[in-house]
Amino acid sequence: MKIIDKIGSKLDISYFKRSGHTNISSVLNWNGAVLLDDKDNKVDLARCYMEELQKLSCGVCTPCMIGTSVASDILEHMCNGRAILEDLDRLRNQCDWILSSSKCTVGNMGPLAVTELIDNFREDFKNAIINKEIIPKGNYIVHVTAPCINGCPSKLDIPNWIERVRDGRFEDALESARRSTPLAGILGRTCFHPCQDNCRRANVDEPIEICLIRRFAADNEFYSNIQPKFAIKDNGIKVAIVGSGPAGLSCAYYLRLMGYKPVIFEALPVLGGMMSVGIPKFRLPQEFLDKEIGYILSTGIEYKLNQKLGVDFKIQDLFEQGFKAVFVAVGAHKGQNIGLPGEDDNLKGFYEGVKFLRDVALGNKIDIGDKVIIEGGGNVAIDCCRTAIRLGFKEVIVVYRRAREQMPAAPYEIDTAIKEGVKFEFLTNPVSIIQEDGVVKGVRCRKMKLGEPDKSGRRSPIEIEGSDFNIECDSFIMAVGQVPDFDFLKDTPHIKTNRGKTIVADEFTHMTDMQGVFVGGDAFTGPLSIVDSNRDGKNAARRIDQYIRTGLFNATDDCLFEYLFEKIGVYDKKEIIDYADFPKGNLAAKQMEEPVEARISNFMEVDKGLTSDDVVYEATRCMRCYFLMLVKFED
């Protein structure tokens, strides 16, 4: 019988059967005892939890380092018949000392589960002491997370490498980050940091500048010319990686570290996918992108450029060449049509957003006019308008059918575009392209108003009748989304798609309906982000390894924990934090930035990152919010 249940419908007690366990009986975590079965021994639960909590102590402060060790010893004595009654009060006092005096969240919250057990089941503890019980350890597993880790799609151990930066161990910090991504420096420049949106420091004053800390660690290697070393034991097994974007590079990297021989097939004349041809150089400099890709290739990965799937080779060809698995990560490089009159007329001055960025990146000719209109509200639209400014368009206007608050683009990217001279027309929707002799002459628009929220949660745009008006321009960029190009699937009928937008595959294994063919990145999820694609590549590498070695896919405890944390939630934006060691007012460090007037006529990098002093200061603001969960199973 469950005598405590704070999770309720969020947790299926049979959840971990997929990794070989029995039903869940009890759960302890950072909020205390959240699920408790009356059959489970409360003293053993406290012992097991404190033992694991002690491992998390970093050793910086005495209350956590010594306190968790002493508390763990007391509980061990209780479970081995060697404790006295006074030890129970000693244990409770130790927990209070840890909770009130520790310098990070491990101590500030960790012992709550043990104190709750003592306060609610004191008689159980007393009886164990009086009766000199010998209590065996139960069947349990543990996992550590943090609000920032849970918010990160790639599950980077963020507090770990921030702690290393704080101590000036920059190479160690980068090594830690690379356990979960080979793209640490790229993400430090381009990630839209969902981790920072889940940072508990924001409940005190401002979130930690996580991306900039990671960027500094990567830049330290870049500018120091440090050569990484790898110890790889080759197994000689070939795996084909189709696409060299973040998903493909990540998959190839982790497969290579496992000993496989990945070969990358890239349709473009350059490696990097959208990182090379979709992200402008003022956000991601070419030399740094090349450096990080070079790091990945230095593990011994082969690649072939100008090799397009469905044109230069087929999936079946790869199996015939001896590849044991294929990972499809072709990205989403095709502009999305919306049925706007004039979009299919091959007009001079008309561009699809992703193609416009690709042409600029590859040095293809762009006809520069006086005035350009960009339709869209996402990050591609923002990249297009900031690029247009640098190319020399005299007037750049973004039109968006909703209000600014509904724009999916990152708010700071919008602010930066405005600083650089981009104008925005909100609640404005293009209804047709005005043309003359095959040349763009303007855009006919209609005013909109906001109605009720739609499925996305944003208020729906509603047309205002009789509000049409024209905007003159000589160029029009349609940046309303992108989709993968699935022309290659005509040769592989076994692989299915979701209405032509994404490839159908198992969410856990990443394998399609075609045996041995896996998928990840934008071709699997739709257009998301580099960090999402990195996750897919890393996870697919694990599944490919399982598939080749065993032919089976076994769910692991760690993987199931990650899904569980996402379901139950880790970060509480309403939490009131009042720690003496983290007073309010120590605001986030601000990175250096190239002045507007010096940057808008070229593609030099805008954001310069943090100084060494600022990055160490910023790392000291981290509250090291490691959260521990213990799951006990039925015996």
Side-chain angles (χ1 to χ4, degrees), residues 1-56 68 71-72 75 78-79 91-92 95 98-99 105-125 127-128 133 135-147 149-150 155 198 200 555-572 574-575 625-635:
M1 181 181 71
K2 305 301 181 192
I3 51 180
I4 294 178
D5 187 356
K6 301 176 185 176
I7 294 184
S9 60
K10 290 184 178 180
L11 179 63
D12 175 4
I13 63 170
S14 66
Y15 181 73
F16 283 96
K17 282 189 174 181
R18 284 174 285 182
S19 57
H21 297 285
T22 56
N23 283 339
I24 297 170
S25 58
S26 295
V27 176
L28 306 183
N29 72 8
W30 54 94
N31 288 319
V34 296
L35 186 70
L36 196 61
D37 195 290
D38 61 347
K39 295 178 184 178
D40 288 336
N41 190 292
K42 317 306 179 293
V43 186
D44 177 52
L45 285 171
R47 166 180 59 177
C48 294
Y49 195 82
M50 185 58 73
E51 183 180 277
E52 296 296 337
L53 187 67
Q54 202 275 328
K55 296 175 185 176
L56 283 177
T68 54
S72 188
L75 285 162
M78 287 182 181
C79 292
L91 174 63
R92 188 63 175 79
C95 289
I98 299 166
L99 286 165
T105 302
V106 171
N108 294 145
M109 294 182 71
L112 286 173
V114 176
T115 60
E116 189 170 329
L117 288 172
I118 295 171
D119 293 346
N120 288 283
F121 304 98
R122 194 175 184 85
E123 289 302 313
D124 292 61
F125 285 81
N127 289 336
E133 295 177 13
I135 304 171
K137 280 190 176 181
N139 176 22
Y140 72 95
I141 56 175
V142 295
H143 196 79
V144 177
T145 188
I149 295 173
N150 192 55
K155 308 306 176 198
N198 287 266
R200 286 179 74 240
T556 63
D557 292 338
D558 287 347
C559 177
L560 292 176
F561 264 121
E562 289 178 2
Y563 283 112
L564 177 61
F565 287 142
E566 289 184 0
K567 184 176 181 181
I568 67 175
V570 173
Y571 176 50
D572 180 5
K574 298 180 181 179
E575 179 190 8
C625 303
Y626 279 127
F627 289 175
L628 175 69
M629 177 180 276
L630 178 145
V631 175
K632 163 76 172 57
F633 298 102
E634 293 177 355
D635 297 323

May I have the list of side-chain donor-acceptor pairs in residues 627-635 shorter than 3.5 Å, sequence neighbours left out?
| unit_1 | atom_1 | unit_2 | atom_2 | d |
| --- | --- | --- | --- | --- |
| K632 | NZ | D40 | OD1 | 3.1 |
| K632 | NZ | D635 | OD1 | 3.4 |

Which residues share a salt bridge (charged side-chain N to carboxylate O under 4.0 Å, His left out) with [X], sequence neighbours left out:
X	value
R18	none
E52	K55
K17	none
R47	D44, E76

Output side-chain donor-acceptor pairs under 3.5 Å for residues 108-118, partner residues at least two apart or in another chain, one line each.
| unit_1 | atom_1 | unit_2 | atom_2 | d |
| --- | --- | --- | --- | --- |
| N108 | ND2 | S102 | O | 3.1 |
| T115 | OG1 | L112 | O | 2.8 |
| E116 | OE1 | K6 | NZ | 3.3 |
| E116 | OE2 | K6 | NZ | 3.0 |

The criterion is side chain to side chain donor-acceptor pair (under 3.5 Å); which residues satisfy it with [X], sequence neighbours excluded?
X	result
S14	D12
N127	none
E123	none
K567	none

Run the ring pair (Phe, Tyr, Trp, His ring centres under 6.0 Å) test against F125 and tell me which residues pass, sequence neighbours left out. none

Under 3.5 Å, side chain of D557 to main-chain N/O of C559, donor-acceptor pair present? no

Side chain to side chain, F16 and N23, heavy atoms closer than 4.5 Å: no

